[in-house]
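One structure below.
Chain A is the first sequence line, chain B the second, and so forth, proteins listed ahead of strands; every chain is numbered from 1. These numbers come from the heavy atoms of this one structure, side chains and all, not from hydrogens, waters or symmetry mates. Remember, predicted model here, so these are calculated numbers, not experimental data.
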Amino acid sequence: MVVKYEFEHKCKQSNARVGKISTPHGEFETPMFMPVGTQATVKTLSPEEVKSLGSGVILSNTYHLWLRPGADIVEKAGGLHKFMNYDRAMLTDSGGFQVFSLSDLRKIDEEGVTFRSHLDGSKLFMSPEISIGIQNKLGADIIMSFDECIPYPADYDYVKKSVDRTLRWAKRGLDAHQRKDDQALFGIVQGGVYPELREYCANELKKHDFDGFAIGGTSVGEPKEVYKEMLDMTMPHLPYDKPVYVMGIGSPVFILEAIERGVDMFDCVLPTRIARHGTAMCSNGRVVIRNAKYKEDFTPLDEECDCYTCQNYSKAYIRHLFHADEQFGQRLVSIHNIRFLIKMVEDSREAIRNDRFVDYKNEFYKKYGLDENSKTNF
RNA sequence: GCGGCUGUGGUGAAGUGGUUAACACAGCGGUUUGUGGUACCGCCACGCGCGAGUUCGAUUCUCGUCAGCCGCC
């Protein structure tokens, strides 16, 4: 098996677990947060910086790289790792999310999805075979099934129809996969908020030799309670000896709730996106760095953080950079936010090993200024 | 000293004899969850240089006054 999951320990307080995933480009401990580098770059950061933050794996995106610069060019460069000079594990999303996020420009049928390019308006067609073919050329260590990420809310009949189609697409992708020796393929569980559909989808996927499983259709605007229900109705039906990945979650609350339920991997643009707009995730809650109250605050974003930004720069300075529209500010907050989440999963792993993850989570929430039942998703 | 032009929020700048003075930028606050994000959403002049007059009503008309700019002595 290309990607091997090794279980290490399950926390006595919950289903949270610690393990290790090995790939052709190194191994990483789980639970792990994966920064997103959609266009073969984690925006504003160099690969060396990303590595120094403690991430063992980053994402890139099939749809975006397909449009630009094109899969053939990445392949000619020697694959995504060489092209962007990143030698650790990488994962590519299938383009399935774009079916959702670009929904005003798409048409879905059994064969695949017809898009209109967001770059030049040209008509494009994506199918499971095309997505897997592109991902084979890109060469990430973990590639994803081409699925339909259903919006929330969606009615039962539509979700049922969509899940069946996603399952047929998953099988087609598996059949089309040409690099089973060095690229792991994960299946994606959909099913919206319906327990029987989630269970059904998981059970059908388990019949095939996927290397890991993802839970999709989350973080599409649903309330936190609904999110937790979707995890609860899905996790029991996934095999314990394979990695589990919840797609697209990045707020501390969503991540910690996933870890508590035994999830191993998560990715999100949230830390880097909000960083570029001046919001930092800190142990005492969010810091909107443009705020006037930081004008003369010469302390770090987060006194408890060990990142480059917090070791060297003050809120007043970073605030100045944002008001002066200087790019260095975006870099500094991006570095901090990614490190913050990775430090959070590092601390989670330690807590799990010490059988006190739920205590850790509650302590984190209290300091962050919220509790498990607060309404905010962040 | 004389003549002309102009005076609207932090800035630039619309506008009208009569409901809440357009817009932009800045400022202030918020949003962002498998990145279509130099994005998005709020708030921000009880007042239109000052004073008086005309009018039912004036930022808008008239007179005076002050300030700035331009020109002429």
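Between the C1' atoms of B/U11 and B/C70, the separation comes to 24 Å (whole Å). Remark: the separation of the P atoms in B/A45 and B/U32 is 28 Å, to the nearest Å.
Ring geometry for A/Tyr368 against A/Phe364 counts as parallel: the plane angle stays under 30°, on a 0 to 90° scale with 60° as the upper cut. By the 30° and 60° cut-offs, the orientation of the rings of A/Tyr317 relative to A/Phe328 is perpendicular.
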Quick one, give me the B/S/- string for nucleotides 40-45 of chain B, reading 5' to 3', where B means a protein heavy atom under 4.0 Å from the base and S means that only happens at the primed atoms, P, OP1 or OP2.
-> ------
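Counting any heavy atom pair closer than 4.0 Å across all strands shown, A/Arg290 reaches sugar-phosphate atoms only and no base atom. Nucleic acid contact for A/Leu119: none, since no nucleic acid atom lies under 4.0 Å from a heavy atom of the residue. Heavy atoms of A/Arg68 sit nowhere under 4.0 angstrom from any nucleic acid atom. Within the 4.0 angstrom heavy-atom criterion, base atoms lie near A/Ile249. Contacts of A/Gly216 with the nucleic acid, taken as non-hydrogen atoms under 4.0 Å apart, are absent. Contacts of A/Glu148 with the nucleic acid, taken as non-hydrogen atoms under 4.0 Å apart, are absent. Within 4.0 Å (heavy atoms only), A/Thr279 reaches at least one base atom of the nucleic acid. Residue A/Val220 is classed as having no contact, given no heavy-atom separation below 4.0 Å to the nucleic acid.
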For RNA chain B, produce a single dot-bracket line, 5' to 3'. Pairs: Watson-Crick or G-U wobble, both distances under 3.5 Å. Symbols: ( ) within strand, [ ] crossing, | other strand, . unpaired.
-> ((((((((.[[[..)..(....]]].(((((.......))))).....[[[[[..)....]]]]]))))))).
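Taking the side chain as every heavy atom from C-beta outward, A/Leu174 and A/Asp209 approach each other to under 4.5 Å.
For the OP1/OP2 pair of B/G37 and a distance below 4.0 Å, the side-chain nitrogens and oxygens of A/His277 include no atom meeting the criterion. Dashed line: the shortest gap from a side-chain N or O of A/Asn291 to OP1 or OP2 of B/G27 is not under 4.0 Å. Between A/Gln98 and B/G34 there is no side-chain polar atom (N or O) within less than 4.0 angstrom of OP1 or OP2. Residue A/Arg286 places at least one side-chain N or O under 4.0 Å from the OP1 or OP2 atom of B/U32. Between A/His323 and B/G27, a side-chain N or O to OP1/OP2 separation shorter than 4.0 Å is present. Here A/Gln39 does not reach the OP1 or OP2 of B/G36: none of its side-chain N or O atoms lies under 4.0 Å away.
Of the charged side-chain nitrogens involved, none lies within less than 4.0 Å of a carboxylate oxygen, so that A/Arg168 and A/Glu111 do not count as a salt-bridged pair. A/Glu260 and A/Arg17 are not joined by a salt bridge, as no carboxylate oxygen comes within less than 4.0 angstrom of a charged side-chain nitrogen. Under the 4.0 Å criterion applied to side-chain N and carboxylate O atoms, A/Glu363 and A/Lys367 are not assigned as salt-bridge partners. Look at A/Lys161 and A/Asp157 and you find no salt bridge, because none of the NZ, NE, NH1 or NH2 atoms lies under 4.0 Å from a carboxylate O.
Taking atom CZ of A/Phe254 as the reference point, atom C1' of B/U32 lies 13 Å away to the nearest angstrom. The distance between atom CG of A/Leu270 and atom P of B/G37, rounded to the nearest whole Å, is 15 Å. Rounded to an integer number of Å, the gap from A/Leu91 CG to B/U35 P is 10 Å. Atoms NZ (A/Lys295) and C1' (B/A26) sit 12 Å apart, rounded to a whole Å. Distance A/Lys43 NZ to B/G36 C1': 10 Å, rounded to the nearest Å.
For the residue pair A/Thr92 / A/Gln135, a side-chain donor-acceptor distance below 3.5 Å is found, with atom types taken as modelled. Side-chain atoms of A/Thr166 and A/Asp147 form no donor-acceptor pair, as typed in the model, at a separation below 3.5 Å.
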Atom pairs and distances, side-chain donor-acceptor, residues 74-81 of chain A, under 3.5 Å, sequence neighbours left out:
residue, atom, partner, partner atom, Å
A/His81, NE2, A/His25, ND1, 3.3
A/His81, NE2, A/Arg88, O, 3.0
A/His81, NE2, A/Asp141, OD2, 2.9

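Counting atom types as modelled, A/Asp147 pairs a side-chain N or O with a base atom of B/G34 as donor and acceptor under 3.5 Å. Not a single donor-acceptor contact under 3.5 angstrom links the side-chain atoms of A/Ser101 to the base of B/U35.
No more than 12 heavy atoms of other residues, nucleotides or ligands lie within 6.0 Å of CD in A/Gln327, so this atom counts as exposed by the packing criterion.
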